[in-house]
**Student:** 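Please read through the structure below; I'll follow up with questions.
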Amino acid sequence: MRILVIGSGGREHALVWKLRQSPLVAGSEDIFVAPGNGGTASLAVNVPLKESEISALVDFARSRHIDLVVPGPELPLTLGVTDAMNAAGIACFGPVAACARLEGSKSFAKEVMNAAGVPTAAYGVFRDLDSARAFVRSHGAPLVVKADGLAAGKGVIIAHTEAEALEALDAMFSGQRFGEAGRIVVVEEFLQGEEVSLLCFCDGLSALPLPSAQDHKAAFDNDEGPNTGGMGAYSPAPVLPDAGLERLTDLTVRPVLRLMAERGTPFRGILYAGLMMTADGPRVLEYNVRFGDPECQPLLMRLTSDLADLMLAGARGELASRRLDIRPEAALGVVMAAEGYPGGYAKGMSIEGLDEAESLDGVRVFQAGTRREGDRLLASGGRVLCVSALGATLAEARDRAYAGVSRVRMDKSRFRRDIGVKGLKRLHLL
Ligand code: AMP
Ligand code: GLY
């Protein structure tokens, strides 16, 4: 079976690593990655195509007789890569554009949650400044102001005061900060609680939940500093134990599958519910229509099922006959980023010690912003590596991942030292 993976992050390195283990995949010449990174180069064939070049990706897939396309990031999905591949007769494990709007438009996601009866924060959707201001005045702070469109995680402003909320509205409606993404604005109730991620394999009708995961979005320890793509993740998150997975899937994922199927656009791919576990019960903060990065890395370390088979079955609507086999061990990944990230960051540093890190029990290093130059590996992105480990317990997975981090040599790098701490606290281990 020949597979094309789209993307260039740590998530895609993990996807390729896991797909390579499938008995359906003969070898490295059967997996292509567009555009890939230094890590995928050693497991598969990197192809110099951007994730947004949809028609070039389709041409490539057709000419190489690709059997399955696996888009990693949201951009190609919102641009319709699945629709385009399907039109060319090629299976693609990802939602069509009409479903990718669940991530691409926050107002659409809210409308779907409402129609499907999924619990979420109370909200209003606004297309003009005056009505949004009136809503803010009548509700008072704290509130959360969100630009409707994709804004690379930066379109969400937590407003602790009414003045901050009004300022956020001005910034969005003036088009200065978010451009098109901010022409429609969602204002919602501020929720308190612990965040956790529920990711499901979906085939249009069936949803198979992966165990829970928790991301660390803030740049610095104790959730301080600006938001990033994610500085580390682990699974399972004690705030959502395995025993709660089916119930939460019934509450937050299956109603959306039913609704999208009724609307004639069944959801296939990974549906990722970002949840806030509040005192009043779970609430969906957002949907992503793909694996999270870095949540994917620890999750795939725990998955023992054949990923290529699952994805093909998902694309064909055949997941009801499959199950997810999961290792009982915990997994945890620590992102090593370039100094300055998520702002302007250092580049070109050489990276050494990955073999030493991977020689430790349970440790695997997934590469993100890296490139090969001869036999050297160089940093080329904000998030550079995700050093991940399995362990009998969360504490062991954490110790092993940080031991791995200590073997990596890279100038101008930084990482959070508290990945997994929330989970350990909940287990009363800290
Ligand atoms: P979103 O992209 O909608 O998930 O928002 C990004 C982040 O903003 C979330 O991961 C939360 O940390 C925070 N956030 C979003 N909505 C809310 C809310 N209603 N209450 C509190 N925090 C929120
Ligand atoms: N780590 C969060 C995301 O991938 O959206």
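Every number for a ligand or one of its atoms is a count from 1 in the order of the listing. What you see is a predicted model; the values in this text were computed from it and never measured.
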**Student:** Using a 4.0 Å heavy-atom cut-off, which part of R290 comes near ligand 2: side chain, backbone, both, or neither?
**Tutor:**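 The answer is the side chain.
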**Student:** Using a 4.0 Å cut-off to any heavy atom of K217, which atoms of ligand 1 qualify?
**Tutor:**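 So the atoms of ligand 1 that pass are 10 (O).
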**Student:** Looking at non-hydrogen atoms alone, which of K110, E195, E188 comes nearest to atom 19 (N) of ligand 1?
**Tutor:**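 The residue whose heavy atom sits nearest atom 19 (N) of ligand 1 is E188.
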**Student:** Can R283 be said to touch ligand 1, with heavy atoms closer than 4.0 Å?
**Tutor:**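 False for this residue.
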**Student:** Please step through salt bridge (charged side-chain N to carboxylate O under 4.0 Å, His left out) for the pair K422 and D223, ending with a clear verdict.
**Tutor:** CA-CA 10 Å; K422 274 196 199 108; D223 291 335; 2.7 Å; yes
**Student:** Could you tell me which atoms of ligand 2, counted from 1 in the order shown, lie closer than 4.0 angstrom to a heavy atom of E295?
**Tutor:**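 Listed by number with element: 1 (N), 2 (C).
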**Student:** Go through ligand 1 atom by atom and flag the ones less than 4.0 Å from a non-hydrogen atom of V144.
**Tutor:**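 Counting atoms of ligand 1 from 1, those under 4.0 Å from V144 are 16 (N), 17 (C), 18 (C), 19 (N), 20 (N).
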**Student:** I need the minimum non-hydrogen distance between C99 and V289, along with the two atoms involved.
**Tutor:**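 Taking C99 first and V289 second, the nearest heavy atoms are O-CG1, 3.8 Å.
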**Student:** Which atoms of ligand 1 have any heavy atom of F190 under 4.0 Å away?
**Tutor:**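 Heavy-atom distances to F190 below 4.0 Å select 20 (N), 21 (C).
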**Student:** Can any side-chain N or O of Y234 pair as donor or acceptor with the backbone N or O of R398 at less than 3.5 Å?
**Tutor:**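 Checking the backbone N and O of R398 against the side chain of Y234, no donor-acceptor pair under 3.5 Å is found.
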**Student:** Can a donor-acceptor pair be found, under 3.5 Å and without considering hydrogens, that links the side chain of R371 to the backbone of L378?
**Tutor:**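 Such a contact is absent between R371 side chain and L378 backbone.
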**Student:** Decide whether the shortest distance between a heavy atom of K106 and an atom of ligand 1 is less than 4.0 Å.
**Tutor:**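 Judged by the 4.0 Å heavy-atom criterion, K106 does count as contacting ligand 1.
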**Student:** Could you check whether any side-chain N or O of Q297 sits under 3.5 Å from a backbone N or O of A14, counting only pairs where one atom can act as donor and the other as acceptor?
**Tutor:**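 No, Q297 side chain to A14 backbone: no donor-acceptor pair under 3.5 Å.
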**Student:** Would a 4.5 Å heavy-atom cut-off, applied to side chains only, mark H216 and T228 as touching?
**Tutor:**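 No, their side chains stay 4.5 Å or more apart.
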**Student:** Quick one: does ligand 1 sit under 4.0 Å from the side chain of L285, the backbone, both or neither, non-hydrogen atoms only?
**Tutor:**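 Under 4.0 Å from ligand 1, L285 contributes backbone and side-chain atoms.
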**Student:** Heavy-atom contacts under 4.0 Å between E189 and ligand 1: side chain, backbone, both, or neither?
**Tutor:**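 Backbone only.
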**Student:** Are any of the N/O atoms on Y272, whether in the backbone or the side chain, positioned under 3.5 angstrom from an N/O atom of ligand 2?
**Tutor:**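 No, no N or O pair falls under 3.5 Å.
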**Student:** Taking V185's backbone N and O only, do any of them form a donor-acceptor pair with D148's side chain (distance below 3.5 Å, no angle check)?
**Tutor:**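 No, the answer is negative, given that no donor and acceptor are paired below the 3.5 Å cut-off.
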**Student:** So does L307 get a backbone contact from the side chain of S305, meaning a donor-acceptor N/O pair under 3.5 Å?
**Tutor:**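 Checking the backbone N and O of L307 against the side chain of S305, no donor-acceptor pair under 3.5 Å is found.
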**Student:** What atoms in ligand 2 come closer than 4.0 Å to a heavy atom of N288?
**Tutor:**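 Selected atoms, number and element: 5 (O).
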**Student:** Please say whether the positively charged group of R11, taken as NZ for Lys or CZ for Arg, lies over the ring of F291, i.e. under 6.0 angstrom from the six-membered ring centre and within 45 degrees of the axis.
**Tutor:**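 Because its charged atom misses either the 6.0 Å distance or the 45° angle limit, R11 does not stack over F291.
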**Student:** Number the atoms of ligand 2 from 1 as they appear, then name those within less than 4.0 Å of a heavy atom of G229, with their elements.
**Tutor:**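 Listed by number with element: 1 (N), 2 (C).
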**Student:** Could you list the atoms of ligand 1 found under 4.0 angstrom from a heavy atom of I158?
**Tutor:**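 So the atoms of ligand 1 that pass are 13 (C), 14 (N), 22 (N), 23 (C).
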**Student:** Taking only heavy atoms of M276, which atoms of ligand 1 are found under 4.0 Å from at least one of them?
**Tutor:**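 It comes down to these atoms of ligand 1: 21 (C), 22 (N).
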**Student:** Can you confirm, on distance only, whether ligand 1 has an N/O atom lying under 3.5 Å from any N/O atom belonging to K146?
**Tutor:**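 Checking ligand 1 against K146, an N or O pair does fall under 3.5 Å apart.
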**Student:** A side-chain contact here means heavy atoms from C-beta on lying under 4.5 Å apart; do L310 and L303 qualify?
**Tutor:**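 They are in contact (side-chain heavy atoms under 4.5 Å apart), so the answer is yes.
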